[in-house]
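Comments concern the structure below.
As the structure lists them, so they are numbered: ligands from 1, and atoms in each ligand from 1. We number each residue from 1, following the sequence as shown. The basis for the numbers below is simple: all heavy atoms, side chains too, and nothing from hydrogens, waters or symmetry mates.
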Amino acid sequence: MAPVSAGLGSGLRIGVLSLQGDVREHAQVLTDLGAQVSLVRRPRELEAVDGLVLPGGESSVIDKLSRVAGLQGPLCALIAAGLPVLGTCAGLILLADRLADGISGQKTFGGMDVTVRRNAFGGQVESFEADLDVPFLGPRAVRAAFIRAPVIEQVGPAATVLASLPDGRVVAAEQGNLLGTAFHPETTGETRFHQRLLNAVREQAMR
Ligand code: GLN
């Protein structure tokens, strides 16, 4: 994959939804890749970005806070309009069209034709790291941290599987400009998913 050598291109900006979760880790990876990063807490800040990261954290909390902040409607609309988005863990949950076991009233932003089950591997003590083969990223394995991670239980025809565990459970998928991982690439020095987001943002801007 082509590196983003001189930043993203003039004026292009990646937002990190900063309501809850591991915002700082994502901002660091993006900055290290040469992107201009801004933290998004309000609708006006969302309007100023060309791509977005939905961080890991607690999806039900991010869902609630996004409604309080007036971000949910604008976010759903932008995702539907083709905004490039990377969601990790809770972020993947928020991108799913269908949620298998959300808390009562929990909603997602949607956009990806997948069904996601929260906490599919158990609680915090069942967290683990694994080396994953992700062929579309090249031969080097992805070191993936699963922390109260979800699993992609069903993949609809509009979405594509990107990575599975050795037992076949799907843990990363893509649909157009949307990319979701059940694990946290941002905590293990893995930058290729963020790089893919930056490439999508650049391509979108050139259209
Ligand atoms: N279990 C969390 C949720 O439901 C996700 C955990 C994570 O993002 N590490 O949102």
Is the shortest distance from a Lys or Arg side-chain nitrogen in Arg118 or Glu58 to a carboxylate oxygen in the other one below 4.0 Å?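 Yes.
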Per the salt bridge (charged side-chain N to carboxylate O under 4.0 Å, His left out) rule, what does the pair list look like for residues 164-173, sequence neighbours excluded?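 Output for this query lists Asp167-Arg169.
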Do any nitrogen or oxygen atoms of ligand 1 lie under 3.5 Å from a protein nitrogen or oxygen, and which ones?
| unit_1 | atom_1 | unit_2 | atom_2 | d |
| --- | --- | --- | --- | --- |
| ligand 1 | 1 (N) | Asn119 | OD1 | 2.5 |
| ligand 1 | 1 (N) | Arg148 | O | 2.9 |
| ligand 1 | 1 (N) | Arg148 | NH1 | 3.3 |
| ligand 1 | 4 (O) | Ser59 | OG | 3.2 |
| ligand 1 | 4 (O) | Arg118 | NE | 2.8 |
| ligand 1 | 4 (O) | Arg118 | NH2 | 3.3 |
| ligand 1 | 8 (O) | Gly57 | N | 2.8 |
| ligand 1 | 8 (O) | Gly57 | O | 3.1 |
| ligand 1 | 8 (O) | Ala90 | N | 3.0 |
| ligand 1 | 9 (N) | Ile147 | O | 2.8 |
| ligand 1 | 9 (N) | His184 | NE2 | 2.8 |
| ligand 1 | 10 (O) | Ser59 | N | 2.5 |
| ligand 1 | 10 (O) | Ser59 | OG | 2.8 |

Report yes if some heavy atom in the side chain of Phe136 is under 4.5 Å from a heavy atom in the side chain of Thr160; otherwise report no.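 No. Closest side-chain heavy atoms not under 4.5 Å.
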With sequence neighbours left out, what residues match Val155 under side chain to side chain contact (heavy atoms under 4.5 Å, CB included)?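 Val155: side chain to side chain contact (heavy atoms under 4.5 Å, CB included) contacts with Val114, Ile152, Ala159, Val161, Val170.
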Among residues two or more places apart or on two chains, list those pairs meeting side-chain hydrogen bond (donor to acceptor under 3.5 Å, both in side chains) that have a residue in residues 120-129.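 Checked against side-chain hydrogen bond (donor to acceptor under 3.5 Å, both in side chains) - neighbours excluded - the pairs reaching residues 120-129 are Gln124-Arg148, Glu129-Arg143.
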Looking at Thr188, Thr187, Thr181, which hits side-chain contact (heavy atoms from CB on, under 4.5 Å) with His184?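 For His184, the side-chain contact (heavy atoms from CB on, under 4.5 Å) check succeeds only for Thr187.
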